[in-house]
Structures are given as C-alpha cells and as structure tokens.
There are 2 protein chains.
Amino acid sequence: MATTSLPRTSNRSAVLAALLSGTEMDRQQLISDTGLSRATVFRIVDDLMAESLVREGARVLRDGPGRQSTSVAFDDRSALVCGIDLGGTNCRVVVADALGRAVIRSRDATPRDAGADELAAWVAGRVADLVARYGDGVPLTTVTIGLPGVVTGDGRSVVASHNLGQITGTRFIEAVSARFGVPTVVGNDSNLALLGELQYGSLPERETAVLLAMGTGLGSAVSLDGRVLVGRTGLLGEFGRLPLPGRDQRLRDLLSGADLVAYARGRGADVPTAQALFAEPEKHADLLAEVHGALTHLVTVVALAYEPGTVVLTGGFSESFGAARLAEISDRVAEAVGVRSVVRRADLGDSAGLLGSMASSLGRYYESLGVSTAHAASVAVDRDLVVGRLDACPTAPGAAGHDATTRTTHDDQMAEG
Amino acid sequence: MATTSLPRTSNRSAVLAALLSGTEMDRQQLISDTGLSRATVFRIVDDLMAESLVREGARVLRDGPGRQSTSVAFDDRSALVCGIDLGGTNCRVVVADALGRAVIRSRDATPRDAGADELAAWVAGRVADLVARYGDGVPLTTVTIGLPGVVTGDGRSVVASHNLGQITGTRFIEAVSARFGVPTVVGNDSNLALLGELQYGSLPERETAVLLAMGTGLGSAVSLDGRVLVGRTGLLGEFGRLPLPGRDQRLRDLLSGADLVAYARGRGADVPTAQALFAEPEKHADLLAEVHGALTHLVTVVALAYEPGTVVLTGGFSESFGAARLAEISDRVAEAVGVRSVVRRADLGDSAGLLGSMASSLGRYYESLGVSTAHAASVAVDRDLVVGRLDACPTAPGAAGHDATTRTTHDDQMAEG
DNA sequence: ACAATTCCTCTCACGCTGAGATTAATTCGT
DNA sequence: ACGAATTAATCTCAGCGTGAGAGGAATTGT
C-alpha cells in the first residue's frame, strides 16, 4: 500500500546507493547524483548520521573561494558481513566490512568426516572466532555459505552433494543458521561463483552470462539480466546430468575430473588424473576429441538455452582448455546454431565463489538498510579494490581443534562445482 | 527521481488494476481491495471518470437499509487493441475492447507472394478496415503481431523465417509500424503463444513454463516467473538447431513436420506427411522410436535448462503425441535427470498465438494508462470469458483485393512455430 | 414522518518535498 | 587586517497528496 512515506524510503535508498560506492562525497555531489533537492539530501544525511551509517569524512580541498564542504562517507565500520566457500576439501571464509573490503580471511581443511551438526558447529565457530579476534567489535550481520551441492530454490534444503554428503537434507542448513544467530543464507557454489564474477569480475552485469564449473563434478550457473537463476529444486543448469543421445553416457562422464578418469580407464587409458590426459595430447587424441566434442555440445546447449554474451569456465578441469581451444569452440557453436558467445576462463579463479558469497551477504545487508534493489543495481563498486583487498588481507592461522594438515590447493580447485 | 507525485501514480495504478478485472465494483470494494483511504479512492475514481476511463455502472442492489452505492466499472469502450497472428498460410486478426473481449476477428489466407511493403500494407489495411467497420468509433491504440520467425530482442528486425521470407530484415517491421500509426510491436509467434497460454490458458502465471511449438518448424518459448524470455537475436530457445552429438542431424530433423518427412524418405519410408508415419506405428516403429527419443531428449534439455513446472506442446505436429506418450516422456526425464515437469498439449490450441498477441497489446495499453507492472500482474482476468468471447465473436468476411481462396485449417496448424 | 443505516462530500492536519531566504565559513584583493 | 565575493549549510515556508473525521445526502424500516 503506497503510503506517504514511500518517497522518503525511496530517496533514502537513492542517497545510500550513491554513498555505497565507498568514496567520500560532497553533499553537493549527492544532490546532483540523486537529483534530489538540497533540503532533502541534508535531512537524509542527518538521519543516516544519527543512525551512524554515515560519518563525516576528511575535508576535501577545493581550490576556489567560498566555504569548504564537509564531505561524508558511508561508515565501513557499521557492520561486518561474511562469505563462506565450503568445499569438499577446503573451507574458505572471508569477513569484510560494510563496503565489501576484506578484513580477515581463512582457509582450513574441511572436516569431511564430521556429521551435519558437527560441521555446522565447526563452521560457525570458526567464523565467530575470526570475528571476535579481528572484527574490532563491529557486529556481524549476514552470512552466506556456498555449498558443493544442489540447493533448492528456497534455500532450505540440499538435494544432493557429490563430495559432502552430510550437508544433504535440511539438517545442516538449520543447524548452521541457528549457530550463527544472524541471517544466514546458503546457495549453490556455482551460482555464487557466477554472482562473484558478475560483481567483481569483468562480466558486464546486465549481460546474460553462463558459468560452467568444471571440477570433480560439472555444474553451471546462469544469470539473465543481472539475476542468477535458481530453479525450484536447484537442478536448473545441472547439465552434467544430460544424457548424450545414442550413447550410454552423460555429459559429466566426459567433462568432470572424477568421471573422465574412470571413462578413460574403461577405454584403456590408465591415467591417474584428468590432467594427465591433456599432458599427452597425441597419445590420447581420440579421447580428447570426444572431450572437446562434449564441451562444444555443452556450450551449444547453453547458447541455445540462454543466448549468453559470455560463457565463463571455472574449476580445475577447465584449466586444461587453452584460449585458442575455447575460441575454436565459440566459432563452432556460432557456425552451428548462429549464437555467438565469448567463451573464456573466469577472471577470479577459485576466489569467485568466495567473493560471490560475500557479495550476497553484502546485498542482503544493504537491503536491510533500506536500499531498494533498483538502486542497489546502480551501486558503482570498485572491483579492483575489492578483489585486491581480498588478496591482500591477512589470513588467519589455521583452525584449532581440527587437524588442518592436508591442504592441497590443487585438490581444492578440483572440488569446485 | 522519486518526486512527490510518486504515491499518486502508484495509487492510481492500484485502483485501475482492481477495476481491470472487468467486474462492476463498489467504491467500498475498491477501498478494501487497495487498502487506500476513502478520500483517496473517491478522488482517483473522479479523475478516472473525468478521463472517461471509468463509467458509472448499474446500481447494485444491497438488501439492507441505507444509501445505495453507485458502482463503477472500467469503460470497455475506452480503446480497442489488436492482436495478429501472421502465419505462413493464414493471417488471423482479433480486435478487442479495453478489457480483452473480442469485438471482431478475421482469418484470411496470407498473401505469401507479396513483398515486404505490400504485405505490410495488406495487414494494416485489413485491420483498419475491420476497425472502421466494426469498431463503433472506438480508437485503436496498440497492435501486436506474431511472426513465424526469429525476432531480435529489441523487436526491430527479423533474423530468419522459414516460411515467410519477405519479413526478414527490418523493412517489413518498419513498414507495418508506419502503416498502423499506433504503437506496433512484433514478436516471435511461439513467444506470444506462450504468453497467451500464461494469460488465458491453465498455466499458473508465476510458474516456469516452456512451450514447444512443433509445426513445420520447431520453435520454443520460455517463461520464468511470469516473464517470457527473449534473447538478443531471438535465438533463445531455438532448440531445433541443436545438433545431436555423434550423428549428422539436428533436433528439428526429427521433430518438425517438414524435415521429418525428408528424413523418413531418406530412410526408405516414403510418406506424404509426418502424420502418415504416426498412422502406421508398427510399420515405422524404428523411425518413431527415434522421434520419441528426440522429443525425450528435447524435454530433457529444457528440463535441465529451465526446470519448468510444465512443458506444453502446440502445433500440428504435436497432435501426433498422445497423453500417455507424453506422460511416459515426463517419467523418463524425471528418472534420468531428476526434474519432474508435466508434459502436455496446450490448452488454447492454435488460438494461443492470437490471444498472446492480444494480451501483449492489452498490456501495453494498460501501461500507457499508468498501470505499473507490479499491479498489472495482479489483475484477475476471467480467462474463460475472454477465450469464450474469442470463439463466439463474429468473424469478418474474407479480405477483398487478395484471393483468399485456399484456406486449409490444417496447413495453418502446421505453419505454427 | 422519523429513526437508523449507509454512502458520499467536505474540511483539515500531517508528513514529506522543493524553493527561496538567511546565516556561516572561506578566499581573494586591497 | 579588513571587507567583498563566493560557496556551503541552515532555516522557513508553501505545495502536494494522503488519511481521518465531521457533516450532508440517499435509502429502508417502523
């Protein structure tokens, strides 16, 4: 019901969105950015300062005569948000300030043998510890967890997980939400990786894009017009399950690390890892042709299904495809079905999922402040700054209580998707 | 810019949306429906009456004591809208009042030999004639044309058409828009058919749905959350182009009327039409198994791509699949990939495209009145009434000037998609 | 005819916005 | 050092739209 206060909240949202870029601004600049009147902007900024969401910035010197304006800035100490990438091998955590600038991050071996409750307690405890030690008293407001499994559209249940069985069902999600005590959302890791690429990678935010997560499994994520699609049961985009007509195989039998090794053995090529196949291209020419054909077919399917501007590949298995090979696939798809999509590797590498989880948390925090989705979409984030801060921010020492001995970076990459 | 007048337009939109159901209403009912105050509702209704968008209705008798309320109703004579289904064989037109109730419809043989300009002039002239003769002086406001071809996302160009070559490019669209002189939009006929099914069929409006248009060609349309997807170049969902891995065929070679006949001949089955294959299932068992396999694969692809609640089939070719067969396909897909979608024939038959075009025109007319999309989605339309009126409304005599001799209903069905 | 009931019209206060006037701070010129 | 010029911040006020209530108008029952 459109009450009188509707413009107020909308204007507040516009001012907040302008400030969320993180840059210290003039009130004058807010006036011209939002198109609102002086009086309105001053009132809203006063309100925001009273809520201590906005603080006075250092004075910006202007060379002409006249009174100097006192600049204002969004208070990055108003809240902390948390993004988690819970993989089958490693669990990565980032805690960031209200502007998405990483404060602390960690990387621990996932306690894969733990049950649902135990795992939930471990994750929540780890984050609580990080916040307590490095959060400087700023409260944690929102948490997002990327999971290697099929998450239903309502985010209440995990349908299947190929390498972390204890998270299936509702128990883990309920337990971890209860432990955190702040709004906690779980999502599919591929979907969150795509969100990360959209927010902090070089993907145009409004362009249709598809992410193919090629690790031990094969997952994918789709964004249309800036929104990441989520099906009812979360199976949307699970093209790994697609049977190939005329043969007794699914797409993932050829395009996921785990299954390809098994298939290669069946064909007489006894290799330890999928990468080993690509290391000797002449020796395994037939097999590799099949793999390339399967990837071409997968790209063809997503090209027709979504007509994406870009298809990005992540995950350890995707490293086996060079840029030239991907360009060739793009050409073949364009020739076959008329849809031209750029096919390339993702920008953010294995940090995409972590950054996507953080972006999701950040988005929900902004929403809780009253930023409308329309305004949120127009927030100009400094991508390089955020990504750089993630790389540069301190890494917390390993978790106590659980042995985090075997940390193989390589395995973790393969566990994506 | 959120100005002060924002609530005004929003409230006006809410009142209009409540009235657009077409039922005569009390002002009191408007108050409770919209949640607005008495004064506001009265003012808005006064405004709408001054614009003659709303008229006084017949008095509704209430049995108790007290003053009788004068009911109001949206004025169905405020405007006419037009929906056109321009097929390769037939061209159907419906002119409807502002509530979507058909006033007049026509069905003529499409002048397939006409050039772009000539065809545009013919279509526009036909509609102008209908409006002049049966429109009772009510002005035509919006036109939507469904075309059997790939229409780009901006609606400015036709990329390809398998049975109406002269509409390709921008010339036809520009010519027809200029001739009409009112806002004219063109769209892919499959997309508009899905819109028709969503608005006036039994598809839940917010549920994800896929329409497979199986006629001479093979097209499809997808709606997510009530919105029909349109790709940049309009190739989104053109799964007919999907190559089948391991064989030198595309999906449409097996699933479109025209191509299946050619394929059957190549396999030694010399049949005149695709239907003839299905008439003798034992004789063509192998071929039919291939066709069923292809359809199963197509449903599998769309099931994974969009996770639809329902997959509806339209077009002459779809008649060859019985309900039992479709249920079996649904089962096989659910078993293979875990996505359960209802697979069935469409409700509206070959009128879906026409109704979808009309719905599109109607929607744009409502938008021009200031009904926000949020409110438009909640308009309760009486589906049976609208569909019934289309069937019952008078049909104009055939077009003069062009020979409309051969009107084979069957051919037209095959031309869908 | 009169009360009771219900619908409609009128008036007014509230909240928010935007425009202008006023005050405060700062630079430049003399 | 002091005032003119310039720019930022504050103050005041009218306009707009809404919602709430008071009063008038129409209709039914006794």
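Just so we're on the same page: letters track the sequence lines, and every chain starts at 1. Quick caveat, the model's predicted, so the values are computed rather than measured.
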Whole Å only: how far is the [atom1] atom of [X] from the [atom2] atom of [N]?
{"X": "A:Ile31", "N": "D:dT7", "atom1": "CD1", "atom2": "P", "answer": "14 Å"}
{"X": "A:Arg67", "N": "C:dT27", "atom1": "CZ", "atom2": "P", "answer": "12 Å"}
{"X": "A:Leu36", "N": "C:dA19", "atom1": "CG", "atom2": "C1'", "answer": "14 Å"}
{"X": "B:Glu56", "N": "C:dC7", "atom1": "CD", "atom2": "C1'", "answer": "13 Å"}
{"X": "B:Arg38", "N": "D:dA22", "atom1": "CZ", "atom2": "C1'", "answer": "11 Å"}
{"X": "A:Leu30", "N": "D:dA9", "atom1": "CG", "atom2": "P", "answer": "11 Å"}
{"X": "B:Arg8", "N": "C:dC16", "atom1": "CZ", "atom2": "C1'", "answer": "16 Å"}
{"X": "B:Asp26", "N": "C:dC7", "atom1": "CG", "atom2": "P", "answer": "7 Å"}

Check the side chains of [Y] and [X] for a donor-acceptor pair under 3.5 angstrom, ignoring hydrogens and angles.
{"X": "A:Thr184", "Y": "A:Ser177", "answer": "no"}
{"X": "A:Ser69", "Y": "A:Asp26", "answer": "yes"}
{"X": "A:Ser52", "Y": "A:Arg77", "answer": "no"}
{"X": "B:Ser372", "Y": "B:His375", "answer": "yes"}

Proximal nucleotide (of C:dC16, C:dC8, D:dA8) relative to the A:Gln28 side chain: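 Side chain of A:Gln28 sits closest to D:dA8.
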Sugar-phosphate only, base, or nothing, as touched by B:Arg27 at under 4.0 Å among non-hydrogen atoms: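 Contact class for B:Arg27: sugar-phosphate only.
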At less than 4.0 Å, is any side-chain N or O atom of [X] found next to OP1 or OP2 of [N]? Yes or no.
{"X": "B:Ser37", "N": "D:dG19", "result": "yes"}
{"X": "B:Gln68", "N": "D:dT28", "result": "yes"}
{"X": "A:Asn11", "N": "C:dT17", "result": "yes"}
{"X": "B:Thr70", "N": "C:dC7", "result": "no"}
{"X": "B:Thr40", "N": "D:dG19", "result": "yes"}

B:Arg227, CZ atom: more than 12 neighbouring heavy atoms under 6.0 Å: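 No - once you tally the heavy atoms of other residues, nucleotides and ligands closer than 6.0 Å, there are 12 at most.
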5'-most by nearest nucleotide on DNA chain C - B:Asp46 or A:Gly66: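 Checking each residue's closest nucleotide, the 5'-ward one belongs to B:Asp46.
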Comparing A:Phe42 and B:Arg43 on DNA chain D - which has the more 5′ nearest nucleotide: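 Result of the comparison: A:Phe42.
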